[in-house]
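Please read all numbers here as calculations on a predicted model, not as lab measurements. Residue numbers start from 1 in every chain, and the chains themselves are labelled A, B, ... in the order their sequence lines are given, proteins ahead of strands.
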Amino acid sequence: MLHDPAPDIRETFDVAVIGAGVVGCAVARRFALAGARVAVIEKGSDLLSGASKANSAILHTGFDAPPGSLELELIKAGRSEYLDIHAGLGLSLVETGALVCAWSALEAGKLEDIAAQGRANGIAELRLVSGEEARRSMPGLSGHLVAAIEVMGEHIIDPWSAPLAYLTQAVALGASFFREAEMLAGRFDGDWTLSTRRGDLRARAVVNAAGLYGDIVDQRLGFAPEFSIRPRKGQFVVLDKAACPHVPRIVLPVPTEITKGVVVCPTAFGNVLIGPTAEEQDDRVRATVETDTLKALLARGAEIVPALAGIPVTAVYAGLRPASDSKAYRIFARPEMRAITLGGIRSTGLSAALGLAQHALSLHAGFGLPATPAPTAPGLSMPNLTETRERDWQRPDHGEIVCHCELVTRREIEAAFESPIPPGDFGGLKRRTRAGMGRCQGFYCNARLAEMTRGRLSEPLAVDGIEEPEDA
Amino acid sequence: MSTRADVIIIGGGPSGVAAAVELRRQGVARVVLLEREPHLGGATRHCSHSPFGIREFGRVYLGAAYGKRLEREAGHAGVDVRLGHSVTQIGADGEIAVSSARGVETLTARRVLLATGAREMPRSARLISGDRPLGVVTTGTLQTYVAFHGLMPFRRPLIVGSELVSLSAAFTCLTHGARPVAMIESAPEPLARAPFRWFPALVGVPFHRGADIVDIRGVQRVEEVSFRRADSGVETVACDGVLLTGRFVPESALCRQSALGVDAGSGGPAIDQDGRCANPIFFAGGNVLRAVETGGWAFREGRAVGRAIARDLAHDEGASEAVPVTFDAPLKLAVPSLLRRSAHAPAFPDFQLRFTRLAQGRLSLELDGREVWHKRGDWRPERRILVPIPPAAFHAEHVHFRFREGE
């Protein structure tokens, strides 16, 4: 179901952003705020169809990012901008702080270095604490804890409403969002002509924010390969809201070379997350969950916080990180072609997105294009889906509660469909409203949602109406 | 807005309505029944081919008709029925937070009955491997598609499970233009043994036991499913859905998120022989106690607990310290799981027990270390086992079900 118009070749955009993940949405917003006519070209039927739909929803300080790296700089810039703008966009911000937990003497020996790195990274509010002291701030932690680093200023956010707010703000400033418009080929003749599945469009500059397809999009734009994406899968388990009182803080392990490791953390929606794994794979599409891995995550969660044992699983999911052949972000500017590639944004995209957008705009400033007058940023307030502020079910006249587990109202679902960027698929509806995201996973509400969403989603929940049996 | 009731009942399925009507019959004045759906009936509303009502009303009702009868009964009895009212929180003093189209309000009552029923375990909690496309649903979801909306979530599903509800699920498919590609059960034997000897063959659907899903593939919708069979390796079938049947769990989220908590065995609130919880102003009845029994069973249980609440309100005897009922593995649950001193006939005349797996051996009941009942047998998983509660149990300090496997 396509709600929006197709690209029109007669119109030339100032910038075409390829990919509506969290980075693409932030870039679209930043350029729109700078007065540019922006087109966002998305392969999927909704924003956040790739890597950005599955993450741990943490807004990092950057305490453990590589010192002196562009990644660190952009995480700090992105986080700082989020802290500035979240209230104005109606986005949640929950300060939980984090504990980097050492479960052995060997791990405890590494804490000093991690703390030193954090301080070198400019994160002042960070201190080494004994296991006992860490447990005072989070009594649910296992007694096996040896020592920890307490990091203040680590937050959890709503990882879907934030990028939706960025793109909504861009659209309010005149940006065009083209879905199911995979970019097939690009040609530069002084301006760009981009062929998409929904037609061609022209743009003065392009920003490749294609995530898991970043290297392929660079090739389609005619660039020599600078990097290759190596998807790294992360599986997660989401526990019932009954788990939340046991996990008030983000619990991080001492990281290894490969991964930040399995995190136990609260979500802004009142659940507890355990994950991710880090599994290299070639496939860019399939992000499977696996029974044995999920069991191992549950077991690990219960080792870290024993009270989590036996708390029911609400959801399981897996995401693919757009890791590349290097740990560093793969950012390239080609001024002669007016092209920017934001590639290999492996696992800090949510934290760094706004910083990446600032960085892209500054690279673009070097392209020698005439500056555009900056418009006034339109006011915007995203619907609140988090447990930290008032939800729609707490207000009168919500119609009815459709999803009982997450207390999602009919009014919220209708508002999502009437919003400037309505959901394109069921995943998009879930991310915008939380309908079907709760402990029953649709036992009670899925049929009602099938009816409410008829004719409104690219892939309907229901197949056609009931047929009389032919041969039964 | 605030309302002070004698009894608030949460959940308008068979047990909740039966309790409400019984409370009114016993002369309790203010009985408020909160139901989050727009109609009473609970899960019976979408069970379109199970007969309900024979024992309680002397005639057969199908699907929503039973709920309509419950609505009439509640209306005649003078129950204050509030539809579209979702309870969001229960407080230790009987304060009940409710959201409805009017917004949020807090109701209070002298006693609260939890009758929130049961549901099937979803794909996520079963930790099933694979992609997560559309088309993986439970029987309850399928039946609400059909019964309430005239829709179907798939045409060629793979059915998982071999409980009685699994047959109901297959039947719903076959009568609504969907053709199951196969039925599979992970246990070595079907859980509902008898019909699985003949039903799948009769309707031409292959049935495989000892089979587990190892992969679900599909970008948007389910495209194929692979399952491993104990005898013949991995088999892949093309299908457009997965129908997960059975494995009912109590819908006890309100308990889990309050000080009441849940019983580790049953997953529902712990109750004594009158349906009373550890916090004595709370009671529970019906399928929230141990997951699924029939609608008629839930109705009778609700009625009995309703009577016990009325007596409790009338005499206000106070609740003595509860003694926990303990048991050996592989028993899964005992309901009631608490006993209190009392002289009157209990609402629950029997212990309801279930096993987690097939076990052969000697099951016995010990009161303060002394055996008062025993039985040898082949105990099948998830089957209801009833053991009469001996009057002496209400005065025992230790109540334990012992199991000696192989004896």
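- Using a 4.5 Å heavy-atom cutoff, the side chains of B:L151 and A:R454 are in contact.
- Looking at B:I216, only its backbone comes within 4.5 Å of chain A, counting heavy atoms on both sides.
- Interface summary for chain A: among B:R217, B:M121, B:Q220, the most heavy-atom pairs under 4.5 angstrom belong to B:R217.
- Looking at A:T293, neither its backbone nor its side chain comes within 4.5 Å of chain B, counting heavy atoms on both sides.
- Of residues 400-414 of chain A, those residues lying under 4.5 Å from chain B by any heavy-atom pair are A:I401, A:H404, A:L407.
- The ring-ring contact (aromatic ring centres under 6.0 Å, His included) search around B:F148 returns none, not counting sequence neighbours.
- With respect to chain B, the highest number of heavy-atom pairs below 4.5 Å among A:T291, A:D292, A:D397 belongs to A:T291.
- Here the shortest heavy-atom pairing between A:P276 and A:R321 reads CG-NH2, 3.0 Å.
- No side-chain heavy atom of A:R456 sits under 4.5 Å from any side-chain heavy atom of A:P422.
- B:E185 places a side-chain N or O within 3.5 Å of a backbone atom of B:A187 that can act as its donor or acceptor partner.
- With a threshold of 4.5 angstrom between heavy atoms, B:R256 approaches chain A through its backbone and through its side chain.
- When each of B:S129, B:G261, B:P122 is checked for heavy-atom pairs under 4.5 Å with chain A, B:S129 comes out on top.
- For chain A, the nearby part of B:I128 is the backbone; its heavy atoms alone come within less than 4.5 Å.
- Chosen from A:K295, A:Q441, A:H398, the residue pairing most often with chain B at heavy-atom distances under 4.5 Å is A:H398.
- Contact annotation: the side chain of B:V104 never approaches that of B:T88 to less than 4.5 Å [non-hydrogen atoms, C-beta and beyond].
- Using modelled atom types and a 3.5 Å distance limit, the side chains of A:D425 and A:S45 yield a donor-acceptor pair.
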Task: Derivation and outcome, salt bridge (Lys or Arg N to Asp or Glu O under 4.0 Å), residues B:R155 and B:D240 - done: CA-CA 7 Å; B:R155 290 263 166 253; B:D240 67 350; over 6 Å; no
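- Contacts of B:S100 with chain A are made by backbone atoms alone, with heavy-atom separations under 4.5 Å and no side-chain atom involved.
- Residue contact with chain B, scored on non-hydrogen atoms closer than 4.5 Å, involves the backbone and the side chain of A:A450 alike.
- In summary, of the residues considered (A:I311, A:V272, A:L239), a side chain to side chain contact (heavy atoms under 4.5 Å, CB included) with A:H246 occurs for A:I311 alone.
- Contact check for B:E120 versus B:R247: no side-chain heavy atoms found under the 4.5 Å cut-off.
- For a residue to count as touching a neighbouring chain, one of its non-hydrogen atoms must lie under 4.5 Å from one of that chain's; by this rule B:E251 touches chain A with the side chain only.
- Cation-pi check for B:R119 over A:F443 is not met; the charged atom does not lie both under 6.0 angstrom from the ring centroid and within 45 degrees of its normal.
- Residue with the most contacts toward chain B among A:V289, A:V316, A:L294, A:V313: A:V289 (heavy-atom pairs, distance under 4.5 Å).
- Contacts between A:F426 and chain B at a heavy-atom distance below 4.5 Å involve the side chain alone, from C-beta outward.
- A:R395 touches chain B through its backbone: at least one of N, CA, C or O sits under 4.5 Å from a heavy atom, while the side chain does not.
- Only the side chain of B:T138 comes within less than 4.5 Å of a heavy atom of chain A; its backbone N, CA, C and O stay farther away.
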TODO: In sequence, state the C-alpha distance, the side-chain angles, and the governing distance for B:L134 and A:L461, and then conclude on side-chain contact (heavy atoms from CB on, under 4.5 Å).
DONE: CA-CA 7 Å; B:L134 297 180; A:L461 285 175; 3.6 Å; yes
Task: Test side-chain contact (heavy atoms from CB on, under 4.5 Å) applied to A:E290 and A:Q235, step by step - done: CA-CA 8 Å; A:E290 278 126 39; A:Q235 301 185 51; 3.3 Å; yes
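- At a 4.5 Å heavy-atom cutoff, the contact between B:D215 and chain A is made by side-chain atoms alone.
- Inter-residue side-chain proximity for B:R36 and B:V87 is flagged as unmet; no heavy-atom pair is nearer than 4.5 Å.
- With chain A as the partner, the residue from B:A97, B:A125, B:G267 showing the most heavy-atom pairs under 4.5 Å is B:A125.
- Residues B:Q143 and B:T172 have side chains that bring a donor and an acceptor to within less than 3.5 angstrom of each other.
- Ranked by heavy-atom pairs shorter than 4.5 Å toward chain B, the options A:A287, A:P245, A:P460 are led by A:P460.
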